[in-house]
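All heavy atoms count here, side chains included; hydrogens, waters and symmetry mates do not.
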Number of protein chains: 2
Amino acid sequence: MKNRVINPNVSVDCVVFGFDTQSLKVLLIEQKAVEGMSGHQALPGDLVLNDESLDDAAARVLKELTGIEGIFLRQFHAFGDPNRVKQVQDLDWLKSYRDQPEARVITIGYYALVKMDEFQTEASSFAERVFWQDIHEIPELAFDHNSIMQRALDRLREEFENRQVGFELLPEKFTLSQLQSLYEAIEDRELDKRNFRKKVLKEKLVTALDEKQTGVVHKPARLYKLNLEVRSKSPVHGSFVTVKF
Amino acid sequence: MKNRVINPNVSVDCVVFGFDTQSLKVLLIEQKAVEGMSGHQALPGDLVLNDESLDDAAARVLKELTGIEGIFLRQFHAFGDPNRVKQVQDLDWLKSYRDQPEARVITIGYYALVKMDEFQTEASSFAERVFWQDIHEIPELAFDHNSIMQRALDRLREEFENRQVGFELLPEKFTLSQLQSLYEAIEDRELDKRNFRKKVLKEKLVTALDEKQTGVVHKPARLYKLNLEVRSKSPVHGSFVTVKF
DNA sequence: ACAAAAGTGTTCGGGATACACCCATGC
DNA sequence: GCATGGGTGTATCCCGAACACTTTTGT
C-alpha cells in the first residue's frame with residue numbers, strides 16, 4: 001500500500017458549470033465552520049498528492065468534496081500569486097485544515113460541464129454543504145476563487161466561440177429551444193430561432209427522435225439527441241464533445 | 001533583504017517562438033555537462049521562488065538562462081505527471097543542480113513570440129549554449145519537454161485561428177509577402193496571394209509606408225507597419241498584439 | 001534579355017442575417 | 001378561446017475561394 005503524501009505547494013480547484021434550461025450555474029461548497037466562525041463559500045479544491053497526476057487530483061478532490069465523479073475536467077489555468085492564500089479571513093481555516101498553513105500554494109484550475117439533473121451532490125470532507133449558484137449571483141468566495149471562477153467563465157466562452165460545444169450541459173433528450181437557450185446563456189446574446197435551427201439541422205449536429213415533450217402548456221416540442229459522429233478537427237486535448245457549429 | 005527560497009515542487013518552462021521570414025523556430029538550451037556526460041537539450045526552465053509569481057518566475061528564468069528579457073510570456077498549461085522528471089537520463093543532471101532531485105515537480109508552461117533578430121541570446125547559469133531550432137527539426141529534449149513544446153505549438157495555432165495574431169514575430173517594417181509567410185508557417189498551409197492582400201488591406205491591419213525594399217534581385221516590395229488601432233474584443237488575459245484577421 | 005518576386009480584379013457559391021405568421025396543446 | 005412557446009421559408013449581403021498576367025528591379 002502506497003503512502004500517499006500530500007504536496008503542500010500544489011492544489012487544484014474545480015469550476016463545474018451546470019445548466020438548468022435557463023441559466024448557467026456553478027457548483028460551490030460551504031466550508032465547515034472553524035471555532036465558531038461561519039464557513040466561507042468556495043470552489044471545491046484541495047492539495048494534490050505526490051503520486052497522482054493533476055487531472056487525477058482534480059477528479060479525486062471533486063468527488064471527495066461534492067460526491068460528483070465520472071465527469072471530464074479540463075485544466076484551464078494555473079494561479080500562482082504568492083499571496084493568493086494569505087488573506088486574513090482565510091488563515092483560521094487554513095490553520096485547521098492544513099499541515100503547513102503558511103505554505104506557498106499554487107493552484108491549477110479545472111473546469112467542467114455537467115447536466116445538473118444527472119448528478120446528485122453530497123457534501124463531505126471539509127465541505128459542509130454543496131450548492132449550485134447562478135453565475136450572475138456569485139457571492140464573495142474564499143482565497144482568490146472569485147477570480148478563478150471568472151477566468152473559467154471567460155475560458156468557457158472562448159472555447160465556445162472556438163466551436164467546442166457543450167452538449168454536456170443538456171439532458172440526453174432535448175428540444176431545439178433548450179439547445180438554443182444554452183447557446184444564448186453561454187454567449188450572452190440572443191439568436192434567431194429560424195437561423196439557429198437551420199444551421200443545427202444542416203450540419204447534422206443532432207438527430208430527431210420520434211418523441212415529443214409532454215405536460216407542457218403549449219405545442220409540444222420535438223425531442224432530439226446529439227449526433228456523436230461530428231467532431232472538431234482542431235487539436236483538442238481531452239474529451240469534451242467538440243462539434244463544429 | 002529577502003531570503004529567496006526555492007520551491008522544490010513548482011517550475012516554469014518557456015517555449016519561445018521566433019520567425020526568420022521563412023520558418024518557425026524555437027529557443028532551446030543545451031544543459032551544462034555533468035560528470036563527463038554530454039548535456040541534454042531542453043527548454044529554458046527552472047524552479048520558482050516562493051516570493052515570486054509564476055509570471056515573474058518565467059521572465060526571470062528565461063533571462064537567467066538565455067539573456068532574453070522584456071518579452072510577453074503567456075502561460076498555456078500545467079504539466080503534472082508524477083513521473084515527468086523521473087527518467088533515468090535526467091537523474092544525474094537533477095542530482096547536480098537540485099537540492100531535492102527526487103522531488104515531485106509540476107511545471108507551468110509559458111510561450112512567447114519574438115522577433116528573432118531583435119534579441120541576442122547569451123547562455124548562462126546551467127545553460128551551456130542557447131540556439132534557435134526549426135520546429136520541424138526538434139531533437140530529443142530533456143524531461144517531458146518534447147510534449148511541452150508540442151503542446152505550445154498546438155496552442156499557438158489555436159490562438160492564431162482565434163484571430164489573436166502574432167505580429168511579434170515580424171520586424172517593425174515588413175512586406176506583405178513576409179506577413180503571408182508568417183501565416184503560412186504557423187498555419188502550415190499555403191494561402192492565395194491576392195486573397196491574402198485583399199483581406200489584410202480591407203481590414204486595415206497594416207499601414208503602407210512610403211518605403212520600399214532595397215538590394216533585392218527582383219521588383220522591390222512596399223513596406224508596411226502594423227496598425228495598432230485594431231484589437232480583438234475577446235477577453236484576453238495578457239498583452240499579445242491581438243487583431244481580428 | 002532574363003530571372004525572380006511584386007502587384008493587381010473578377011467571378012462564383014455558400015453561409016450569415018433579417019424578417020412574420022400559423023400551429024398544437026393545457027387551461 | 002386564449003395564452004404559450006413550437007415550428008417554418010425567402011431574399012439579401014458579404015466573405016472566402018479560385019484563378020493568370022503584367023511590372024519592376026538586379027545581373
Whole-Å gap separating [atom2] ([N]) and [atom1] ([X]):
X         : N       : atom1 : atom2 : value
Leu201(A) : dG15(C) : CG    : C1'   : 16 Å
Glu190(B) : dC19(D) : CD    : C1'   : 15 Å
Gln180(B) : dT8(C)  : CD    : P     : 14 Å
Arg222(B) : dT25(D) : CZ    : C1'   : 17 Å
Asp192(B) : dA6(C)  : CG    : P     : 14 Å
Leu191(A) : dA18(C) : CG    : C1'   : 14 Å
Phe196(A) : dG6(D)  : CZ    : C1'   : 14 Å
Leu179(A) : dG7(D)  : CG    : P     : 13 Å

Quick one: do Lys173(A) and Glu211(A) make a salt bridge, cutoff under 4.0 Å?
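Yes, charged N to carboxylate O under 4.0 Å.
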Quick one: is dT22(D) close enough that its OP1 or OP2 comes under 4.0 Å of any side-chain N or O from Lys219(B)?
no
For dG6(D) and Ser177(A) - does any side-chain N or O of the residue sit under 4.0 Å from the phosphate oxygens OP1/OP2?
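The answer is yes; a side-chain N or O of Ser177(A) sits under 4.0 Å from OP1 or OP2.
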As a test of reading the structure: which of dA5(C), dG7(C), dA16(C) is closest to the side chain of Ala221(B), going by heavy atoms?
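The answer is dG7(C), which lies nearest to the side chain.
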If you check every side-chain atom of Asn195(A), which of dG7(C), dT27(D), dA18(C) has the closest atom?
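The nucleotide sitting nearest to the side chain is dA18(C).
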Would you check if the side chain of Asp46(B) reaches a backbone N or O of Val61(B) as a donor-acceptor pair within less than 3.5 Å?
no
When you match Lys198(A) and Gly215(A) each to their closest nucleotide on DNA chain C, which lands nearer the 5' end?
Lys198(A)
Would you mind telling me which residue lines up with the more 5' stretch of DNA chain C, Lys202(A) or Leu223(B), judged by nearest nucleotide?
Leu223(B)
Of Ile71(B), Ile68(B), Leu73(B), the residue whose pairing with Cys14(B) passes side-chain contact (heavy atoms from CB on, under 4.5 Å)
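Exactly one candidate clears the test, Leu73(B).
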Does the structure place the NZ or CZ of Arg129(B) under 6.0 Å from the centre of the six-membered ring of Phe131(B), at an angle of no more than 45° from the ring's axis?
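Because its charged atom sits under 6.0 Å from the ring centre and within 45° of the axis, Arg129(B) does stack over Phe131(B).
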Under 4.0 Å, heavy atoms only, any strand: does [X] hit a base, just the sugar-phosphate, or nothing?
X         : value
Arg197(A) : base
Lys212(A) : nothing
Lys193(B) : base

Side chain to side chain, Gln41(A) and Gln31(A), heavy atoms closer than 4.5 Å
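The answer is no, as the side chains (C-beta and beyond) never meet within the 4.5 Å cut-off.
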Under 3.5 Å donor-acceptor pair, Arg194(B) side-chain atoms to dA17(D) base atoms
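Answer is no: no donor-acceptor pair is held.
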Nearest-nucleotide 5' precedence on DNA chain D, His218(A) against Leu176(A)
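Residue closer to the 5' terminus by nearest nucleotide: His218(A).
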